[in-house]
Amino acid sequence: MRYTSPLELDRPTQQRGHIGKPLNRVDGQLKVKGEATFSAEYTVENLAYAAIVYSSITKGRVTKLDKSIAEKANGVLAVITPETAPRTQKPPTLASRKGASASELLVFQDATVHWNGQPIAIVVAETQDRADEAANLIRVEYETAEAAVSFDALKQTAKLPPNVRREPSEIRIGNAETALNAAEFKVDNLYHTPRCNHNAIESYATVAVWHDDGRLTVFDSTQFVTGFRDTLAAMFGMKPEAIRVIAPFVGGGFGGKGVLWWHTALCVMAAKVVNRPVKLSLSREGTFRATGGRTPSEQRVAIGAGKDGKFVSLIHSSTIATTTHNNFFEQVSFPPRHLYAAKNFYIGQKSINLDTVANTYMRGPGESIGNFSLESAIDELADALKIDPIELRRINEPTQDPTNNRAFSMRNLTLAYQRGAEKFGWKQRPPRSQKQGKWLIGQGVATAYYPHYHFPSSVRVRISADGTAIVQTSAQDMGMGVATVLIQHAAEKLGLPIDRVSFEYGDSNLPRSAIAAASVQTVSNITAIEAAIEKMMRELLAISGANSPLAGLKYEGIEVRDGGIFSKGTPSKGETYRSILQRVGRDSVQAEATEGEPPEMKKFSMGSYGAHFCEVRVNEETGETRVSRWLGSFDCGKIINPKTATSQFRGGIIWGIGMALTEETLFDERKGRIINASLAEYHVPVNLDVPNIDIIYTDIPDKYTSSGAHGVGEIGITGVAAALANAVYNATGKRIRELPITLDKLL
Amino acid sequence: MKDFSYQKAESVDAAIGLIGQTAGAKFLGGGTNLVDLMRENIERPDAVVDVTHLSADIQQAADGTIRIGAAVKNTALANHKLIRENFPFLSQAILFGASGQIRNMATVGGNLLQRTRCYYFYDSTAQCNKREPGAGCDAIDGINRIHAILGTSDACIATHPSDMCVALAALDARVIVQGSNGSRMIAFNDFHRLPEKTPQIETELRDGELITAIELPRNDFAKRSLYRKVRDRASYAFAVVSVAAALEVENNQIKTVRLALGGVAHKPWRASAAESVLQGLPATEANFQRGAEAELKNAKVFAHNSFKIELVKRTIVSALKELAEQRGTNS
Amino acid sequence: MIAQNSPPSQSDSSSGKVAVNLKINGAAYNLQIEPRVSLLDALRDFAGLTGTKKGCNQGACGACTVLVNGDRINSCLALAVQYQGAEITTIEGLATDGKLHPLQTAFIEHDGFQCGYCTPGQICSAIGMLREFQNNLPSAVSSDLNGKYKFSDEEIRERMSGNLCRCSAYIGITEAIHTAFDQEAR
């Protein structure tokens, strides 16, 4: 996708001060007109449509698959089974850093069934209706094997994984249990969080086109075009250059589209078999069967404290579920590593393997569910100590990272609490003391935390002789505002008006961007943009020649502004890009840069923080909980675009409200099957569930990141469920330690 | 979705003729439930007869009876002056159901024929006696938080999903149906069936019969009525439980009380036991509680839905209290 | 142990395509499609109008909302063949002479979307919702069924609850609707 004339509504012409401006989205016009083209909407000639048959057993194998009726059905081109599918290699997983597959399993290569809902046949037909109906006509027989599906039955056998996202799965400092036992005040409780599914409104969709010369083009709803390209290349034994993955618009991802699920590969296979372009769009039910979501968890949090509120012991001991074929240990144990000072720590995260679809990243993986237990426990301890929960947090605010002993690159959490408390009008009242009619009212707070990550990213920046610039990277924009924010950033650094800078992205043929996940994409790319611009400025200086006013200037002696390069010492001395390029007869100058993880990442404890304040109303008669007021006060470095960042914070908070109150993927352990595979029965928040949400932020730059910025995509959701559970406790006197907080738990 | 032939009926007689001539045909209203079930491979008609253009009037007869054509859209019914003024809980029940878009499509007749939201009914790999008689019921020992507590059987514990029907159950409404042998009237409370041994048979409609109208007899109690819906999110969710209540009090004694419950049974559940206990008693919270207890006395719960007993009782008491208080302030 | 997916009775391949004539955004579309084709698929796959989105295809998200004779409906639950002769308006039909509908402009100003996928449905739904409001249709949160309703946050939120936004741009959506429609809703 390329935006050449980005801002339709306000079109600022100034050349500085883009950072921090609440600019409208550059893709706004296309989106409100319905002209943004999503992957299933690409017009490809001679397109055929695919539908999937899903396994109805959890483990075993397909012994017989009768496709005779389906094959004869009207408009059917092919019924493909593992027996007749093209041979492929193992897909490299995202964790291997060589691809993006959700799972290590060979895709569709034998009759084995690994989870309930695994694709076992594909039907390709002339229309979607015909493919869907033919899929209904396939008769399958299985041999079933005993499956591991019960979290509770298996949790006693949970094991520590080798590591959790490159950190140790277990941390011991001192002796936490002994200290807990001796502590004057303590809380020690178990918390449970359920399975959840992303449920982006755009389902997963792939259009695969094989070209006559053997090349492959794939339109896919992915958060990671280059990762998908590499995965497909490895699977199909092709050179990555022969594959192009395109995803300019993605209708919501939230982590689910960051990994490659089977349907993408199946679509490519189907297109090969029928020798035509094929579209495979998962039904809503299909998204629950063939793509994974958030793992269930059980977490024990125990905190021991003295009368003064200082923690002597902090224990966070958790179990999550993954599968034998993906080993994704959702980092539920991360928040307690970084948030509070304590004399003694035990942090341990175990895992069990279930026979399910691979679990995966879902907004704020780990931190969102880990913060629920930790921040609930803090509230419980504050209640026991009769200390205001914000004060208790302040008392235990660490001066350095409590478990890795690094200095914080940035941490203004106490300030975020102060400002938030002031704006919200925070006052802790006794539980069950506020009532309006049949509604019990309560307030709650909790800390938000998400680590700052930075993944390698490449961008190309080109300045043309007409004075315009373009930034190119393979990045995705699922709605985070990446296109808008990167244009703002590049314009700032190039000293150009916004409307002179365009952005091209969403195509694996462009320089390889970091994945659109873990809140890294924007920050990783702005670092790369800065490096590319520096390279380009050096080249411009080099080519400007003896006739330029810049002659003799070194890079260190210049500043970039007003569409050109100027001397720091003599502000009148300078030349515009346009003038330089036209004078030396060049159409353009460009530079590409790749920036890996900066060394600061290993030196400092780098994180984003926030404080949630909320008010809930709980119907005393029915137990229904409604959120009436929210304020999020964040400490996420310098905010580049307040408008898009506020939307990200709010979106995260509303996700947290869903996680806290309504969302649960119901899993019937008798069959290992999800039974509410529908948007009618899986309850994401609707408009009426959402209160006014105020967002404030410190806007204090992190000295150790480009432009002082942090990612803002995930942090919003972290801590929300705890703030809400704490408010529910304040309203009702009932402590709910198992999500979601449905009405039956409050009767 | 299985392919089918489509015919649009120009009259009720034509519709009945068409359905009789075509094997495996079904009437199609707004499509909000049938099209979904067809896509889910649960309904597989060979032909559909579109009846959305028939009988879309709302008329009042001389005796005050209101006759609602079966093809009236839910929105139109909820917004009709006669309904808003005389049967407010019917308007409310409709407005609490589904979404604005769906209410604009759904017909009154179709609303009566909505099928359950039981997870296992929707999942074609699960055992369901409703989908496949004799197959068994996966809900009874499964995840049954949303399931029924009244009138269940060993064959089925599904609930009826309609909101509108709960208000109709409290209104002594009549369902007018027409078949090849002419027209007949079915009392609303007899229209839907309990599951017993044949949960696949959900209504008293005979093969080929079409719902042509709903009749609401005139009454004095429904002006003071309300619909309470308890659900898992603030809007656009099926009822966990719901209560349609109307109350008429004279000299501090309950003259008329009407109570119907949603989300608790295979059919919209008229709470007759509660009504007969309450009849003639003073309108007090204690008596409302007594009525609720009587209604729930025979409730049978399953692994995850025992909370519904208390929830229904509270919702009944709360609704009646509110109506009693309304009366106090208005008179 | 042997388990089976139980197949339905075999389909008779009776009927084929039929002529379906639709009037979409004022233009006539003469399609040859099967009766089972939904209005949504007719728009997207056969009329080439992909602005209307498929979210759940089960009437549970509202992404497919279009206007039929001014009323908002879920086009995924509608069979195209049922809507012949009706005035169908989709997101592509809202801008006039290249000028955005005021609500489209307000959505941009208030950041009433992120990924943009539910946006066409939200916008069509809000236009239908305004008309319902002007017709004095009450909602589940209206305190008095026979009164005049305030175009409040709560009323808008309830009336727009049939349109899910997973990015959760709900606050921007509500603000945009206020900005564009407060005058007309009075």
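Side chains are part of it too, since the values below use all heavy atoms of this structure and drop only hydrogens, waters and symmetry mates. Each chain gets a letter, A, B and so on, in the order its sequence line appears, and its residues count up from 1.
- Of the atoms belonging to Glu681(A), not a single heavy atom falls under 4.5 Å from chain C.
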*Test salt bridge (Lys or Arg N to Asp or Glu O under 4.0 Å) on Glu175(C) and Lys643(A) and set out the steps.*
CA-CA 13 Å; Glu175(C) 286 172 357; Lys643(A) 188 174 277 193; over 6 Å; no
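- A side chain to side chain contact (heavy atoms under 4.5 Å, CB included) with Ile201(A) is found for exactly one of Cys61(C), Cys115(C), Cys165(C), namely Cys61(C).
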*Are Leu164(C) and Asn199(A) close enough, and set up right, to give a side chain to side chain contact (heavy atoms under 4.5 Å, CB included), and what steps lead you there?*
CA-CA 10 Å; Leu164(C) 305 186; Asn199(A) 276 312; over 6 Å; no
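- Salt bridge Lys33(A)/Glu92(C): absent, no basic N to carboxylate O contact under 4.0 Å.
- Distance CD1/Ile171(C) to CD1/Ile654(A): 5.0 Å, rounded to 0.5 Å.
- Of the N and O atoms on the side chains of Asn687(A) and Ser161(C), not one donor lies less than 3.5 Å from an acceptor on the other residue.
- If you measure heavy-atom distances from Ala680(A) to chain C, the contacts under 4.5 Å come from both the backbone and the side chain.
- With a 4.5 Å cut-off on side-chain heavy atoms, Leu47(A) and Asp45(C) do not count as touching.
- From Phe46(C), atom CZ reaches atom OG1 of Thr127(A) across 5.5 Å, with rounding to the nearest 0.5 Å.
- Using a 4.0 Å cut-off between charged nitrogen and carboxylate oxygen, Glu154(C) and Arg626(A) do not count as a salt-bridge pair.
- With a threshold of 4.5 angstrom between heavy atoms, Glu35(A) does not approach chain C through any atom at all.
- In this structure, chain A has heavy atoms under 4.5 Å from both the backbone and the side chain of Gln104(C).
- Residues satisfying the side-chain contact (heavy atoms from CB on, under 4.5 Å) criterion with Asp689(A), sequence neighbours excluded, are Pro685(A), Val686(A), Arg233(B), Ala234(B).
- Contact annotation: the side chain of Phe107(C) never approaches that of Lys31(A) to less than 4.5 Å [non-hydrogen atoms, C-beta and beyond].
- A salt bridge links Glu34(C) and Arg130(A); the closest N-O separation between the charged side-chain nitrogens and carboxylate oxygens is under 4.0 Å.
- Expressed to the nearest 0.5 Å, how far CZ of Arg363(A) lies from CZ of Arg166(C) amounts to 9.0 Å.
- For the pair Arg650(A) (side chain) and Ser168(C) (backbone), a donor-acceptor distance under 3.5 Å is absent.
- Taking CG of Leu49(C) as the reference point, atom CD of Glu41(A) lies at 11.0 Å (rounded to 0.5 Å).
- Crowding of Lys99(C) atom NZ: a count of heavy atoms from other residues, nucleotides or ligands under 6.0 Å not exceeding 12.
- Interface residue Ser678(A): backbone and side-chain heavy atoms are both found under 4.5 Å from chain C.
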*asked:* Pair Gln114(C), Met478(A) - check side chain to side chain contact (heavy atoms under 4.5 Å, CB included), show working.
replied: CA-CA 7 Å; Gln114(C) 293 198 36; Met478(A) 303 97 69; over 6 Å; no
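- For Asn692(A), the parts lying under 4.5 angstrom from a heavy atom of chain C are both the backbone and the side chain.
- Nearest heavy atoms, Pro120(C) versus Gly34(A): CG-CA, 4.0 Å.
- Contacts between Val690(A) and chain C at a heavy-atom distance below 4.5 Å involve backbone atoms as well as side-chain atoms.
- Phe113(C) contributes atom CZ, which lies 6.0 Å from atom CZ of Arg25(A) (distance to the nearest 0.5 angstrom).
- In this structure, chain A has no heavy atom under 4.5 Å from any part of Asn163(C).
- The contact between Val37(C) and chain A is made by backbone and side chain atoms together, counting heavy-atom distances below 4.5 Å.
- Neither the backbone nor the side chain of Asn57(C) has a heavy atom closer than 4.5 Å to any heavy atom of chain A.
- The most heavy-atom pairs under 4.5 Å with chain A, out of Ile156(C), Asp111(C), Thr119(C), come from Asp111(C).
- No part of Lys72(A) comes within reach of chain C, as not one of its non-hydrogen atoms sits under 4.5 angstrom from that chain.
- Heavy atoms from other residues, nucleotides or ligands lying under 6.0 Å from CD of Gln183(C) number 12 at most.
- Counting only N and O atoms by type, the side chains of Asp41(C) and Gln128(A) include no donor and acceptor under 3.5 Å apart.
- Without hydrogens or angle criteria, Gln58(C) side chain to Leu679(A) main chain gives a donor-acceptor distance under 3.5 Å.
- With a threshold of 4.5 angstrom between heavy atoms, Ser281(A) does not approach chain C through any atom at all.
- Taking each heavy atom of Asn24(A) and Ile108(C) in turn, the nearest pair found is OD1-O, 3.4 Å.
- For the atom pair OH of Tyr117(C) and OG of Ser203(A), the computed distance is 8.0 Å after rounding to the nearest 0.5 Å.
- In summary, Arg36(C) and Glu133(A) do not engage in a salt bridge, as defined by a charged side-chain N under 4.0 Å from a carboxylate O.
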